[in-house]
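Worksheet: one structure, shown below.
Start at 1 with the first residue, then count along the sequence.
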Amino acid sequence: MKFENMIGKEFENISQRVIYPYIVFFPEFSPVVSNEVSEEAQRQMNQFIRNTIITIYNNPGLIELSVEKDDYYVFGQMNKDKQELYDLLRKTEKKFLTFFNFLYNIGLEGNIINNTIKNNRFCIPKTFRALNKKKQAILESLGLVVEAEKESIVIYSKEYPELCLGWKVLSKISKSLWSDDDSKAIVVKTKAKFTFMKCLFGMKDITLSRISGDLEQSGIYLNQIEEYLINKGYKIFYEDGSPILQKIYPKKQEGNFRIFFTLQNKHQLAYVIRIPDFTTLVTNHFEQMDEELKEFIFSRTKTCDACGYCTQTDKSGKRKRLVTALEAKGEVAGKCPLYPNLGWDRLDENAVYMIKKLLDFAEEVLYKL
């Protein structure tokens, strides 16, 4: 099922602006071979999660999300210029994600009995103890059957008879995939939650196009970038729900390519490349670039405005600003290598060409690759 392309358009309400990326970034169904759960159970869980996201998108009030009129920043506005909007977007997204954390915990804490999820009302896991009539009504509106007995609660689906096993296994897998992660506990929980939301029963053979779901406009250019970066040793995963290809270079310098949504912008979508050790590249190797690359870097690097960011930790007052005089097409300007704008709101042939050319140059002069 494809979804209407709303990139750069106005939504019916502010909550739809928040939820839309989760529809776009919902991966296409790709089952894994498992002794625990059948392909059909995986398919039913995938359909249930996606339909749930779309149902809330069409009816945000179902989980008490805001239905205020859509709003966004105009070009040049910053968070402080529309602080109330920024706060509302963050609050709405947090509440939306909290609901899916609730679904994740139902699967994690529940027991599978005869194609149902069942648990004691008074058991230690808090999710079932907190499953009040309001939450029961929400689950029922999503097509689930909730039977609240005196000492237990039973959940199942008539439409998806194998759903509950898929639900249980997905929750368990979402937690176990990150069990060896050395990040902070809250980060690990967040990664597990997003794994559950994307209905990823496994991370094997995951691709950028798969994890980007209905993002059709990226097309062939996205596939070209993905193939190019994977051949360079980049690995794919996702961070806070957004796809990312990443490689760690010597001295812990990171290179990555990511797709993400900036909720407050009218054209929310962005494709961004991060070049490893970009500061050294610009300050020490600019003159080695050909004219085309010089013009690109010059146009995509911020002109120093003495903001003080590069000297803010200097207590002596003697540190010089990290400004570099660059010249391209006869124009000279003091540029800040800390603020490159290496992003595109649409991919095209030229974007792919420049990404490849810049990264190839960086790897050659910085790492002799």
Side-chain angles (χ1 to χ4, degrees), residues 3-27 53 56-57 60 65-66 68-98 100 187 190-191 193-194 197-198 208-209 211-219 221-222 225-226 236-246 254-275 278 299-302 307 309 336 338-348 351 354-355:
F3 202 79
E4 180 184 358
N5 185 346
M6 292 296 294
I7 296 170
K9 299 178 182 179
E10 293 189 13
F11 296 87
E12 291 183 11
N13 53 65
I14 203 72
S15 290
Q16 289 190 348
R17 173 169 293 275
V18 169
I19 299 170
Y20 180 68
Y22 293 92
I23 297 174
V24 169
F25 282 153
F26 193 81
I53 295 172
I56 297 173
Y57 174 90
L65 297 183
S66 173
E68 288 189 29
K69 183 180 178 181
D70 187 30
D71 197 6
Y72 45 83
Y73 294 8
V74 298
F75 183 77
Q77 283 188 315
M78 303 180 70
N79 293 341
K80 64 181 181 180
D81 299 320
K82 278 196 170 184
Q83 190 65 48
E84 289 185 5
L85 171 60
Y86 181 80
D87 292 343
L88 177 59
L89 289 167
R90 300 279 81 78
K91 179 181 178 181
T92 302
E93 185 173 34
K94 181 179 179 180
K95 195 168 186 177
F96 174 69
L97 295 177
T98 296
F100 281 88
V187 175
T190 299
K191 288 179 178 180
K193 175 176 60 183
F194 281 122
M197 281 190 72
K198 290 183 175 297
L208 204 60
S209 56
I211 207 170
S212 297
D214 283 345
L215 197 57
E216 293 179 322
Q217 72 173 50
S218 54
Y221 304 115
L222 181 58
I225 292 173
E226 178 175 37
I236 188 168
F237 65 101
Y238 61 93
E239 184 175 84
D240 294 343
S242 299
I244 178 173
L245 278 158
Q246 182 192 64
E254 179 183 342
N256 66 51
F257 175 81
R258 63 175 66 212
I259 312 171
F260 63 92
F261 276 73
T262 305
L263 298 179
Q264 59 267 34
N265 293 345
K266 184 175 182 181
H267 189 100
Q268 318 100 304
L269 185 63
Y271 304 87
V272 178
I273 184 79
R274 175 177 177 176
I275 301 298
F278 184 80
S299 66
R300 291 298 190 108
T301 309
K302 173 186 173 184
C307 70
Y309 180 80
C336 173
L338 298 179
Y339 285 97
N341 174 18
L342 302 178
W344 291 261
D345 57 14
R346 293 176 181 83
L347 290 179
D348 56 23
M354 291 310 303
I355 287 172

Find out whether [X] and [Y] are in side-chain contact, i.e. whether some heavy atom of one side chain is under 4.5 Å from a heavy atom of the other.
X    : Y    : answer
M6   : Y57  : yes
I355 : W344 : yes
L222 : I259 : yes
F25  : F194 : no
L263 : Y20  : no
R274 : L342 : no

Test side-chain contact (heavy atoms from CB on, under 4.5 Å) on I244 and F260 and set out the steps. CA-CA 9 Å; I244 178 173; F260 63 92; over 6 Å; no
Check [X] against [Y] and note the closest heavy-atom contact, atom names and distance.
X    : Y    : result
F96  : L65  : N-CD2, 4.0 Å
F26  : I53  : CD1-CD1, 4.0 Å
E93  : Y22  : OE2-OH, 2.6 Å
C307 : K302 : SG-NZ, 4.1 Å

Got a second to check how far [X]'s [atom1] is from [Y]'s [atom2], nearest 0.5 Å?
X    : Y    : atom1 : atom2 : value
F11  : K69  : CZ    : NZ    : 15.0 Å
L97  : K95  : CG    : NZ    : 13.0 Å
K266 : I7   : NZ    : CD1   : 13.5 Å
N256 : I275 : CG    : CD1   : 9.5 Å
Y72  : Q268 : OH    : CD    : 10.5 Å

Non-neighbouring partners of [X] that pass side chain to side chain contact (heavy atoms under 4.5 Å, CB included), sequence neighbours left out:
X    : answer
N341 : R300
E12  : Q16
N265 : Y73, T262
S66  : I14, S15, E68, L88, T92

So with a 6.0 Å cut-off around NZ of K91, is the heavy-atom count from everything else above 12? no
Kindly state each residue pair satisfying salt bridge (Lys or Arg N to Asp or Glu O under 4.0 Å) with at least one member in residues 16-26, sequence neighbours excluded. R17-D70
Residue pair I225, Y271: steps toward the side-chain contact (heavy atoms from CB on, under 4.5 Å) verdict: CA-CA 11 Å; I225 292 173; Y271 304 87; over 6 Å; no
So, using ring-ring contact (aromatic ring centres under 6.0 Å, His included) as the criterion, who are the partners of F257 when residues are at least two apart? none
